[in-house]
Amino acid sequence: MNEPIFLYDTTLRDGTQGENINFSADEKLNIAERLDDIGVHYIEGGWPGSNPKDIQFFDLARRTEFKQTKIAAFGATRRAGIAPEDDPNLQALLDSHTSVVTIFGKSWDLHVDRIMGNTLEENLEMIQDSVAYLKDQHREVIYDAEHFFDGFKDNREYACRTLIPAIRNGAAFIVLCDTNGGTLPHEIEQIIQDVYRWLEVELGAPLADRQVKFGIHAHNDCGMAVANSITAVRSGISMVQGTINGYGERCGNADLTSIIPIINTKLKRLSIPQENLARLRSLSRFVSETANLVPLNTRPFVGKSAFTHKGGVHVNAIMKLPRAYEHMNPETVGNTRRVLVSDLSGKSNIEYKAEEFGVKLDGNGHDSRQIVSKIKDLEQEGYQFDVADGSFKILAEKLTDQFKPLFELESFRVTIEKDKEQPCTAHATIKISVDNRNEITAAEGYGPVSALDNALRKALDRFYPDLDAMRLVDFKVRVIDGRVGTAAKVRVLIESRDQDQIWSTIGVSEDIIEASWQALADSFQYKLAYEDKIRSAK
Ligand SMILES: [Zn+2]
């Protein structure tokens, strides 16, 4: 049992079959290098026969030194009626100059007959010739038995028979594919056991005497891709194919960001080296950034919410003992524990958060009760503090007399001008005071909030010249349903960042400019307080 479960990543091939996923050759190389770093054994780079961009990737990959990962080129068995050496797709695989070639063949008689229009016998020859030819060219061959489980259910004998030419001709791995993703874990277990038995009888020797190993390639159409892969591991297979974040066609492929920690921490087997597990979250983020997709917060193990606690009872418990509400330590996979402050929150959340932000509370629970009660009122009005850490900190300081405003607003005026032929222009003038000294400035902007932001920045510059690194990175407006007797309100959320951190602030009002001002003012107060703390620590 010292051998690891071999991980075969197909993010760069099957992953790009997912809707809205496209990688350039350079992006593919960057991802491949990250996968190599973390210890993935095989990376399927693409299908050179079907996509010229993939040929470019294989050129780049050839000139790159990977630490341990092997790059695989992917393609189909030879076409019917031609010799392998005359098949352009097999030639494209060889021209990729990878040490590993993965070819898929048909296991389901329905596909052989009805879709491809070949005879069952001819299909077996196509598998045999292709594997033998690639082995002759000194490639490590991985054979993907496409639609294996569906084929087995329809015609058990034939599906099993298609594996024989691949095994006899030296494929290193036989990968059983649940291509349509409709198979359930108990079927996976049963079918793998049946296949082993069938093959042992047919080959007349225990499978263990042969070099060949088995693998699984699962799709997530029943939400079972990870469960099916793990079941296959428990049934004795040695390779799992999947993608980072489960990206892939339709509902995706088996998600390696779940499979890896399950193998390493729950099954206590080895996939990637244990010490690399802590880089899993950053790998997941890297791939979603490269794909330009918003990371899924609820993704098991690596999602932002995977170890996030909101209910007061839970928070109280994890403060005593994290294991009470966490199935594993978040740091193991590079994630972090988060506690949200919201209308579900009790005293424990507040105490946890206050400590995080350095807000001092009295020891007897009076402060935290007061904060909880205020937050509940404000959340009734439409505030939402679980997404606005920055405003939470300021509120907690205000309620405990620790808030030190680093500027005060005297007044502002925002005007919008629209000319018949011209787009709107926005102007803001603002008057603030810092230590009883006033400053009045004016600025323009792309819109009223941008004009206000620019004017405030200019006004503060005289007192706090180090605001340059601070930027507003996101601005969200949501209309909150008007309750009985009140007009509709808007909630404005602003996300800001500097070189060290990201923080969010919130404002709620019937007036969008007023709501924006609250969020904007909180954002600057938060940043200035942070700078002030650093200055006084020096
Ligand atoms: Zn697939």
Side-chain angles (χ1 to χ4, degrees), residues 6-23 28 31-32 35 40-51 54 57 71-77 89 93 100-108 110-112 115-116 127 141-153 159 162-163 166 171 173-185 187-188 191-192 214-233 237 239-260 287 291:
F6 293 96
L7 296 172
Y8 183 105
D9 179 278
T10 179
T11 308
L12 306 183
R13 203 273 306 169
D14 228 1
T16 62
Q17 303 287 322
E19 222 175 324
N20 303 324
I21 298 185
N22 258 302
F23 298 124
K28 281 185 159 199
I31 293 176
L35 290 166
V40 166
H41 307 90
Y42 293 87
I43 297 173
E44 191 167 84
W47 187 344
S50 81
N51 189 346
D54 289 352
F57 166 76
I71 303 290
F74 176 87
T77 52
N89 283 320
L93 289 173
V100 182
V101 170
T102 302
I103 50 167
F104 72 95
K106 303 286 176 192
S107 334
W108 192 359
L110 173 130
H111 267 261
V112 178
I115 310 289
M116 306 299 290
I127 298 168
V141 179
I142 296 177
Y143 176 71
D144 279 6
E146 194 193 21
H147 288 118
F148 183 81
F149 294 93
D150 292 316
F152 187 98
K153 291 179 210 169
T162 61
L163 306 180
F173 289 91
I174 303 292
V175 180
L176 307 177
C177 303
D178 186 26
T179 308
N180 293 1
T183 308
L184 301 180
E187 297 174 300
I188 296 275
I191 292 173
I192 289 177
F214 289 82
I216 179 88
H217 177 108
H219 277 266
N220 202 34
D221 299 75
C222 293
M224 291 288 163
V226 169
N228 285 343
S229 304
I230 295 303
T231 302
V233 169
I237 63 96
M239 170 183 279
V240 177
Q241 298 195 346
T243 62
I244 299 301
N245 298 333
Y247 293 151
E249 198 149 27
R250 305 185 308 276
C251 314
N253 285 59
D255 187 349
L256 291 178
T257 66
S258 289
I259 288 170
I260 291 170
V287 173

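Ligands are counted one by one from 1 in listed order, and the atoms in each one are counted from 1 as well.
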Is a donor on one side and an acceptor on the other found under 3.5 Å between the side chain of His219 and the backbone of Gly252?
yes
Check whether any side-chain N or O of Asn245 sits under 3.5 Å from a backbone N or O of Tyr247 as a donor-acceptor pair, and report yes or no.
no
In His219, which N, O or S atom comes closest to the Zn ion (ligand 1)?
NE2
Residue His217 atom name (nearest to the Zn ion (ligand 1); N/O/S):
NE2
Gap separating the CE atom of Met224 from the OG1 atom of Thr183, nearest 0.5 angstrom:
11.0 Å
Is the shortest side-chain N to carboxylate O distance from Arg13 to Asp54 below 4.0 Å?
no
N/O/S atom of Cys177 inside 2.8 Å of the Zn ion (ligand 1), strictly under:
no
Is there an N/O/S atom in Asp14 that lies less than 2.8 Å from the Zn ion (ligand 1)?
yes
